[in-house]
Structure formats: structure tokens, C-alpha cells
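One structure is given below, encoded as C-alpha cells.
Keep in mind that what you see is a predicted model, and the values were worked out from it rather than measured.
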Amino acid sequence: MFEDVEEIRPDDPNDRELHFYYNRAERIAKAPPQVQEYYNGGMRPVRGFRALFYKQNKWVFISLILFVGAAWAYSGFNSTRAFTSVDGINFELTAFSYEEQIFTSISMKAGKKHTDNNPVNVQAEFFLIDPNNQVTEKQLKSLVYSDGEQYIRAKFTDFDIIRVDVILNVGEQEKELSVQVKR
């Protein structure tokens, strides 16, 4: 509608038309020496793993090593082990408290390494641990796992239980699972 109407006009006639002059050689000549060296091809960025070993990056490299070491130590010394795998079958233990009851569940799912579809007998012995690290109750459950995702579930009365430990017997192998009770 108003495309042909000029709404703003500068007072100075020199400012009415804007001209941009670009002279690359002159601009590079006035640049700092580091920029001139880069445009002449003298500076090449360091890429890949070599960048970690330069003097400026030594603290980044050391902190990376410390972080990986701390994560490895935490996973190695962590007392709660809620995941395990036996013969390509992945097991996960969960436990939570709701209205004076503790609900526990072991989910079983075939992993990528599980090739045979033969039924496997799975026995789970649940141990409830109180704040004094004493076993207050135990229960034995079993299931024949064939394929897909299956569960072994158990329900207990809550007597200040802080942890649930499970001993899994899968075929001839035995594994332990442990998890904190979520409140």
C-alpha cells in the first residue's frame, strides 16, 4: 500500500544514500598480525585427539580423566545393583512403597544376545532389609520365562524397610540384585 512512499528522510544529504566500499587487501593490511597470518595460511586449527595434548588443554584432559575415573569408581562401589543379565535375558529390580505396602517387581526382557527360545526356569528369593541391615522377611517366587517381557511381582507389609535384595537362580547361574525402596 505504501511501498512507493518514503517515510523517513535524513536531514543531511550525505546520509541519504548509503555506500559500502569493500577492499579486502586494505582490510587485511590493517588487521592484527594473528589475523594476517591466518589469511596467509600460516595457522591451521588442531583437530582430533591431538587437541587434548596441547599445553593449553592439559587441564581439560586431566579433568576428563578424573571424571571418567570417578564415574567408573562410583559404578564399581555402588551398593545398589538393580540390573543384571543372564544368558542374554535382562533383569531389572524395582521397589516402591505405597500406603504401608512395598511393591517389588523384577522385569525380564530378552536382550540382543538371547538367541534360543527355550523356556528358562527363573527363581527369585526376595529379602527385605531394615535400617539395621537385618532381614525382616523373605519370600520365594518362580516363573518359567519363554519370550518377550515378563514380570515376577511380590507385595510386602512395610515395617521401615529400606532395601530389597533378590537372589536370582536362572538355570544353573545365580545373580544378586539390590535396590533402595522408593518412598
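The other members of the hydrophobic cluster of Trp59, by chain and number, are Ile62, Leu66 (side-chain heavy atoms under 4.5 Å, ILVMFWY only). Clustering of Ile, Leu, Val, Met, Phe, Trp and Tyr side chains at separations under 4.5 Å places Phe103 together with Phe96, Tyr98.
Taking CD of Glu92 as the start and OG of Ser107 as the end, the distance is 4.5 Å to the nearest 0.5 Å. With values rounded to the nearest 0.5 angstrom, Lys182 atom NZ is found 13.0 Å from Ser97 atom OG. Rounding to the nearest 0.5 angstrom, the gap separating the CD1 atom in Ile152 from the CD atom in Gln123 is 9.0 Å. Separating the CZ atom in Phe127 from the CD1 atom in Ile129 is a distance of 8.0 Å, to the nearest 0.5 Å. Rounded to the nearest 0.5 angstrom, Ser105 OG and Leu93 CG are separated by 8.0 Å. Interatomic distance, CE of Met108 versus OG of Ser146, reported as 9.5 Å (0.5 Å rounding).
By the salt bridge (Lys or Arg N to Asp or Glu O under 4.0 Å) test, Arg183 pairs with Asp158, sequence neighbours left out. Among residues two or more places apart in sequence or in another chain, the side-chain hydrogen bond (donor to acceptor under 3.5 Å, both in side chains) test is passed with Lys30 by Glu26. Legend: residues meeting side-chain contact (heavy atoms from CB on, under 4.5 Å) with Ile65, ordered by chain and number and at least two apart, are Phe61.
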Would you give me the side-chain donor-acceptor pairs under 3.5 Å for residues 166-173, sequence neighbours excluded?
{"residue": "Gln173", "atom": "NE2", "partner": "Asp87", "partner atom": "OD1", "Å": "3.4"}

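Between Gly111 and Asn90 the shortest heavy-atom distance is CA-ND2, 3.7 Å. For the residue pair Lys155 and Gln139, the shortest heavy atom distance occurs at O-OE1, 4.2 Å. Taking each heavy atom of Val122 and Phe91 in turn, the nearest pair found is CG1-CE2, 4.1 Å.
Inter-residue side-chain proximity for Leu143 and Gln150 is flagged as met; some heavy-atom pair is nearer than 4.5 Å. You'll find the side chain of Val164 reaches within 4.5 Å of the side chain of Val181, heavy atoms only. Inter-residue side-chain proximity for Phe126 and Lys141 is flagged as met; some heavy-atom pair is nearer than 4.5 Å. Between Thr84 and Glu176, every side-chain heavy-atom pair lies at or beyond the 4.5 Å cut-off. Within the 4.5 Å cutoff, the side chain of Arg24 has heavy atoms near those of the Tyr39 side chain. With a 4.5 Å cut-off on side-chain heavy atoms, Ile161 and Phe156 do not count as touching.
Asp130 places a side-chain N or O within 3.5 Å of a backbone atom of Asn132 that can act as its donor or acceptor partner. Counting only distance, with no hydrogens or angles, the side chain of Thr104 and the backbone of Ala154 share a donor-acceptor pair below 3.5 Å. Judged by distance alone, with hydrogens and angles left aside, the side-chain atoms of Tyr145 form no donor-acceptor pair with the main-chain N or O of Tyr151 at under 3.5 Å.
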task: Report the C-alpha distance between Leu128 and Val135 in whole Å, list the side-chain angles of each, state the deciding distance to 0.1 Å, and finish with yes or no for side chain to side chain contact (heavy atoms under 4.5 Å, CB included).
output: CA-CA 6 Å; Leu128 275 66; Val135 176; over 6 Å; no

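Under the 4.5 Å side-chain heavy-atom criterion for grouping Ile, Leu, Val, Met, Phe, Trp and Tyr, Leu177 is not connected to Ile162 through any hydrophobic cluster.
Around the CD atom of Glu149, the shell of radius 6.0 Å holds more than 12 heavy atoms that belong to other residues, nucleotides or ligands.
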